[in-house]
Structure formats: C-alpha cells, structure tokens
Amino acid sequence: MSVTIEKSAPTRLSDVDLKPRGRVHPSPSTWRDQILYFLLPDRFSDGREDGRLLFDRSDPERYRADKRRWMEGGKVFQGGNLRGVQSKLDYLKDLGVTALWIGPIWRQRPDLETYHGYGIQNFLDIDPRFGSRQDLRDLVDAAHEMDMYVLLDVIYNHSGNNWFYRDAAGDAAETMPYRFQPPHSFAGWRSGKGQRIDRIADIDCGVLPEEFQDQTWYTRAGQIGRWDPEPWEDPLHPDAEFRRGDFFDLKDIDLSRNDTLTALIRVYQYWISLCDCDGFRIDTVKHTAWKGSRNFCGAIREYAESIGKENFLLLGEVTGGAQMTRAYLEIFGRNIDAALDIGEPTIRLAEMVKGLGDPDAFFSQFGGHDSLGSHREAGRYHVSILDDHDMVGRPGKHRFSAHADIPNRYQQVAHAVGVQLSTLGTPCIYYGTEQAFDGTEDRHDRTIEPRGFEDRYIRECMFGGTFGAFETEGCHFFDQNHPTYLRIAAIARIRNRDDQIGMALRRGRQYLRETSFLDRPFSIPGCGELVAWSRTLFEQEVLIALNTHGTEDRGADVTVHVGMHPGGSSMRFLYRGDWSDAKLRNPPDEVVPVTHLDGRATVRIDLPPAGMAILA
C-alpha cells in the first residue's frame, strides 16, 4: 500500500519536516547486485499506450513522422509522467531491472521547455507536467513492493534560468560571458511568462523556496567558457572556471557559502523523508568543489543512516576523465560512493563489441593499472553505461545502434548490454536500448534548422508522442517480444539468480581468457575474434564468450579453470544468443565437454555473427 503524503509543497525551508512519511524501505546490502535502468520521465511513458499501436519493425514507414514536426517535437515536453513510469514496472521487472534511476522531476520553469528536468525553478515541488508529489510516492512504494529500488536524479550545482543579468547597456540578459570577479550585476527575476520582474509575485516567478531568492547565493560569474582545467591549473581548485560559471543559462549556486550548501542539503534530505527513495544520482559533480561534494554527500549519508537506510547510494556524474573521477571517489564513504563510467570506458566497450577495438584494451581497465583500475577491480565503485542521455566524452551523439546495418544488429546491442551484465561493476541500461533505439545527431536536417541542440536525438519518445524513435510518431515501443529485449532479459535472469552462478556473475573475480583458433597458440584474441572471460567465486566459474565480428562466424577453444573442471566434466550452456524465443525463455539442457591437454582445460565454442554464450 502506498503512503499518503501532504499535497502542498512548503515555500520556505524553515517549514520543511524531515520526519519520514510511513515506513522506511531498507537499502540493499550491496549495489553490485542491482541492474539499473535510467529513464527520462518526459520521454518514457504517459501510461496510455493501450490506445496506440505497437511499432511494427517490419513496416517502419507506417509511422513515419513529418521531419519538421518531428524535429520540433524533440525540443519540447512530450507528455511522459510518473504515473506512466509506474504503469511500466512489470515491463521493467520482466527485463530484469532491479533499480530505477529516474531523471529529474523537480518543478521547472513554466515558460521554458526544459523537458530534461535539469533547470529547477522550485526545489521543493514536482513539475506538474510530470505529475504530483503523491505520484512520486506512489511510484516509489509500488517499486518497493516489487523488490525494486529507486534513485532520484538531483542537482545542487545550479538552479534553473530563474533570473536575469544586467548587461553593459543596462538591459536584462539571460547569460553573460564568464568573469571571475566582480560578480555580474543582477537585473531582476524571471516571471512565469519569461519577463523580467523586480518582485516575485507567485509560485511561477523567480525561484523557490524563498531562501533561494537571495541574489548573493549565486556566483553571478557568467557562462562557463572553459569546461576543463588548463594544464597548469590545479584540477580540484574550487575557483576553477568550470566550477564557478553557469552551466549554459542555468545559474550557478555559490556553494562556498555555508548557508547555500546547508539549504541544498536540507532540500534533498526532505525528498528522502517524503518519498522514501533509495539513492541519488548526483548531476555535474565535477562542477562542484571537492569539499562541497564531500560535505553534501556526508550530510545526506548521515541523514539516510539515521532513518534506517544504511546503504543509500550516492552515484556521481563526474566528467573529465579517470583522474578527476578518482578524486571524488572515497572508499571510506566521505564523498560519492560510485561514479558513472563516462567517456573512454563506454567507447572501449562499444568498440570491443563491434570488433573495432582490442578486447585487452577494454578488460585492462579492471586491472588496477590506470587511475581507476583498482576501483573497477573491486566492482563496487563504478556503474557501467552503454547509451545515455548526454554521450559526454564520446565522438558525437550516437546511440550504440546508430547506423547499425548488420543482419544481427538486435543481437549485437543485446550482447553489448550482456557485457555490462557479466563484467565487474553495476550495469545501467538506458531506456530504449532494449528496443534497439538508434538515435543519432545525424538525423538533424540543417535545411530545416540550421543550428540545433543535438542531445534531443538520443532522447527519443517511447510511448507515442511526436518525437518517437526511428523518426516516428503515434506508436509505442514497449515490445516484450523484441529480439533485443528477450536476450537482455534472458541474460539478466542468469545474473539475478540466487545461487552461486548468479553470485559469481555479480561479485566474482574476473579473468580474460586465452583462446586458440585454427590451431594457433593460445593467446588473448584480437579485434573481430571470439573473446571470452570468466567470473569465478569460490568453486564456481561462469564463462562468457562473445563473437565480436558482426558478419562472420567465429569459433575457438577457450581456456577455463583447470581446478574447477576435472577430466570428464562438462559445462552447460545457460544462454546462447542464437536460441529461439522459446529456448531463451526456457533454456534447453545443452552441454559441451571440457578437454584437458598439456595442463590446460578448454571448451570448444562456436558462435554466429555478434553471438554470445554463457556457460557454467
């Protein structure tokens, strides 16, 4: 049963009540056991898919949208909401998801189309386009009843575009060029209709809660021009431009002040008390000073522990490379708990799966030899991603499946997720990847719109709005018989098992295996070959094999743990990507013998293009 909470949002932090509403859901013992699913509420579901047709992969032109209308739709709210998310919990559960990461749902400016949720106007309320405060509590409670956890996406580095600068001519300006000192002049607040006003007249004007209506709470340094430190700069210095400047037109909050940081801490403690969420994904961590991040995380963690959430997850988005990420990770629990594997790790993952990158380059990340290797080796401190809503640190805005033209493209993207599910760390699936969404900035037509914001093309609508995936409108994509969905679900079922096999996939040690093909000596395979790795825990080995060639069969003799597989033993296939739909749902009893020769134990595995197998 859902807990009923108060309807009205407080307008002052001094009125905030931090007493938990109803029961407090306990934390998981370890987040390594979870499978995250990241969604943008506006683009995921409105709960009314029953009134629309399911996209037909065999006839994609049937739903083709007018290109101009479709491109415009990508820039505005589409209508997804929290009730829609709740209506799809069964769909997500069947996929194997155990934890939701919900994009920001905080109240946005009514005059701006910040559908992504990162431009907060009211820190203490839900945007009515996403639903109500009660809708959020209902969703969290429903997820908990289905043994799923919920992470909320929080922002404390900046607020929305809630006020104007005064430019050199004395006019109101939404942005100004960056300068360190003195602060730019404040021209006035933004009204609910986007006009400059001197006084805040209602809840749609300026910013809430009232404590944030103090212009000295903002750095007023103008828009960031340099997003990374110069070679001569201390990358952790709190006065770096990328820490003091505005995130485009989103106004930077001065976190060097104790009162602002204390206020933001109380804001997000309030949301824990109100909705019983299980963790936060923290936006733009690199753009906050290390000390501010530590103090924020410490205070949130202390509050969560005080009410019974002893492993409240603080997952950080830290751009800028492994060295920057490591600076914010704290194995002693004084800063963020884990970081998203942004940039280079996602590139290496995609390239390996497509046969374009050396498998050893991907697996070497877990070896403890680079800045984050020891953290990845433990498997506790990083969250693996493939697709996401920003694609930061990658060569363009392209989902994994963009421009995929191989016959087995649905299996290939499923098995890219399969790598996430079977390697160290906590895997995160981005909404639509399970339906092989292929969003790419290359869909932008500059004859229609000379300049555009390309992020929209990797934020497609799943439920049937005017900005559907594959340039469609009016159809939905919740297809539980999709080849990609079926294969991800089958692999996730193995990972989520309660036995030693599931435990080994989630927590076991990881070894890249030597292989031999065409009677060549055993070695680590190269690009486009069959690559294999093991997860071992105590006396259990799980072997995963992947054909990284997209159009040709590959086979090899694969090394396994000689001590765990005595002579005459065999390994059983738990999964093969070329099984029929019926076999994916109910795996047959297929085994392969273990061969011993010259002190090495091996199994023979043959896979079709982009194929994957899991054995134990």
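Side chains are part of it too, since the values below use all heavy atoms of this structure and drop only hydrogens, waters and symmetry mates.
The existence of a salt bridge linking R52 and D46 is confirmed by a sub-4.0 Å separation between a basic side-chain nitrogen and an acidic carboxylate oxygen. Between R409 and D405, no side-chain nitrogen of the basic residue sits less than 4.0 Å from a carboxylate oxygen of the acidic one, so the salt-bridge criterion is not met. Salt bridge D276/R23: absent, no basic N to carboxylate O contact under 4.0 Å. Salt bridge annotation for D388-R399: absent, with no cationic side-chain nitrogen under 4.0 angstrom from a carboxylate oxygen. The pair D606-R576 does not meet the salt-bridge criterion, since no charged nitrogen lies less than 4.0 angstrom from a carboxylate oxygen. Electrostatic pairing of D341 and R348 does not count as a salt bridge here, judged by no charged N lying under 4.0 Å from a carboxylate O. A salt bridge links D283 and R281; the closest N-O separation between the charged side-chain nitrogens and carboxylate oxygens is under 4.0 Å.
When ring centroids are compared, Y63 and F470 stay outside the 6.0 Å threshold. Between F477 and F437, a ring centre-to-centre spacing shorter than 6.0 Å is recorded. When ring centroids are compared, H482 and Y410 come within the 6.0 Å threshold. Side-chain rings of W31 and Y149 approach one another, their centers coming within less than 6.0 Å.
Surrounding CD of E552 are more than 12 heavy atoms belonging to other residues, nucleotides or ligands, all under 6.0 Å away. Counting non-hydrogen atoms of other residues, nucleotides and ligands closer than 6.0 Å to CZ of R585 gives a total above 12. By the neighbour-count criterion of 12 heavy atoms within 6.0 Å, atom CZ of R83 is sparsely surrounded, having that number or fewer from other residues, nucleotides or ligands. Enclosure of atom CG in D59 by more than 12 non-hydrogen atoms of other residues, nucleotides or ligands within 6.0 angstrom is indicated.
Taking 4.5 Å as the limit, every side-chain heavy atom of V542 sits out of range of all side-chain heavy atoms of I494. Residues P345 and F362 fail the side-chain proximity criterion, which asks for heavy atoms closer than 4.5 Å. Within the 4.5 Å cutoff, no side-chain heavy atoms of V318 are placed close to those of L340. With contacts defined as side-chain heavy-atom distances shorter than 4.5 Å, the pair K67/E471 qualifies. Residues H476 and M462 are not in side-chain contact: their nearest non-hydrogen atoms beyond the backbone lie 4.5 Å or more apart. No side-chain heavy atom of I385 sits under 4.5 Å from any side-chain heavy atom of Y430. Using a 4.5 Å heavy-atom cutoff, the side chains of I458 and D387 are not in contact.
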Residue pair D90, K88: steps toward the salt bridge (charged side-chain N to carboxylate O under 4.0 Å, His left out) verdict: CA-CA 5 Å; D90 286 332; K88 296 299 177 289; over 6 Å; no
Ring pair (Phe, Tyr, Trp, His ring centres under 6.0 Å) evaluation trace for W101 with Y37: CA-CA 6 Å; W101 158 15; Y37 186 94; over 10 Å; no
Derivation and outcome, salt bridge (charged side-chain N to carboxylate O under 4.0 Å, His left out), residues D438 and R443: CA-CA 10 Å; D438 67 352; R443 292 189 184 276; 2.8 Å; yes
Steps toward side-chain contact (heavy atoms from CB on, under 4.5 Å) verdict (F44, L92): CA-CA 12 Å; F44 185 64; L92 296 170; 4.2 Å; yes
Evaluation steps, salt bridge (charged side-chain N to carboxylate O under 4.0 Å, His left out), between E541 and R513: CA-CA 12 Å; E541 177 175 20; R513 292 305 190 186; 3.0 Å; yes
Worked verdict on L152 versus C275 for side-chain contact (heavy atoms from CB on, under 4.5 Å): CA-CA 10 Å; L152 298 183; C275 74; 3.7 Å; yes
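No donor-acceptor pair under 3.5 Å is formed between the side chain of N547 and the backbone N or O of G550. When atom types are taken as modelled, the side chain of Q510 and the backbone of L424 share a donor-acceptor pair closer than 3.5 angstrom. Remark: the backbone N or O of P28 is paired with a side-chain donor or acceptor of N311 at under 3.5 angstrom. Of the possible donor and acceptor atoms, one in the side chain of S516 sits under 3.5 Å from a partner among the backbone N and O of R520. Looking at R506, its side chain never comes within 3.5 Å of a backbone N or O of R32 through a donor-acceptor pair. When atom types are taken as modelled, the side chain of K354 and the backbone of F400 share a donor-acceptor pair closer than 3.5 angstrom. When atom types are taken as modelled, the side chain of H596 and the backbone of H565 share a donor-acceptor pair closer than 3.5 angstrom. Looking at D278, its side chain never comes within 3.5 Å of a backbone N or O of L151 through a donor-acceptor pair. Here the side chain of R554 pairs a donor or acceptor atom with the backbone of G528 at under 3.5 angstrom.
Ring-plane geometry between H398 and H403 is classed as tilted, the angle between the planes lying from 30 to 60 degrees on a 0 to 90 degree scale. Ring orientation note: the planes of Y91 and F478 are nearly perpendicular, at an angle over 60° on the 30°/60° scale.
With a 6.0 Å cutoff to the six-membered ring centre and a 45° limit on the axis angle, K397 does not count as a cation-pi contact of Y457. Note that R43 lies outside the cation-pi zone of Y431, set by a 6.0 Å cut-off to the ring centre and a 45° limit from the axis. Taking the centre and axis of the six-membered ring of F467, the NZ or CZ atom of R456 falls outside the cone set by 45° and 6.0 Å.
Using a 3.5 Å distance cut-off with no hydrogens or angles, the side chains of Q435 and D479 do not pair a donor with an acceptor. In this structure, a donor-acceptor pair under 3.5 Å is present between the side chains of S45 and E49. For the 3.5 Å distance criterion, the side chains of T346 and R394 qualify, holding a donor opposite an acceptor. Side-chain contact of D557 with T602: a donor-acceptor pair under 3.5 Å is absent, judged by distance alone. Looking at R600 and T559, their side chains do bring a donor and an acceptor atom within 3.5 Å of each other. Between the side chains of Y485 and E434, no donor N or O sits under 3.5 Å from an acceptor N or O.
To the nearest 0.5 Å, the span separating OG1 on T548 from CD on E351 amounts to 12.0 Å. Distance check: I605 CD1 to L530 CG gives 6.5 Å after rounding to the nearest 0.5 Å. Annotation: the span from L574 atom CG to E590 atom CD amounts to 11.0 Å, rounded to 0.5 Å. Rounding to the nearest 0.5 angstrom, the gap separating the CD1 atom in I406 from the CD atom in Q412 is 3.5 Å. In this structure, I491 CD1 and L95 CG are separated by 10.5 Å, a value rounded to the nearest 0.5 Å. Rounding to the nearest 0.5 Å places OG of S534 at 9.0 Å from NE2 of H561.
Here the closest non-hydrogen pair linking G79 and D42 is N-OD1, 2.9 Å.
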Indicate every side-chain donor-acceptor pair of residues 414-421 with a distance under 3.5 Å to a residue at least two apart or in another chain.
from	atom 1	to	atom 2	distance (Å)
H415	ND1	Q411	O	3.1
H415	ND1	A610	O	2.7
H415	NE2	Y575	OH	2.7
Q420	NE2	S384	O	2.9
Q420	NE2	S384	OG	3.3
Q420	NE2	C428	O	3.1

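For Y511, the ring-ring contact (aromatic ring centres under 6.0 Å, His included) criterion is met by no residue, not counting sequence neighbours.
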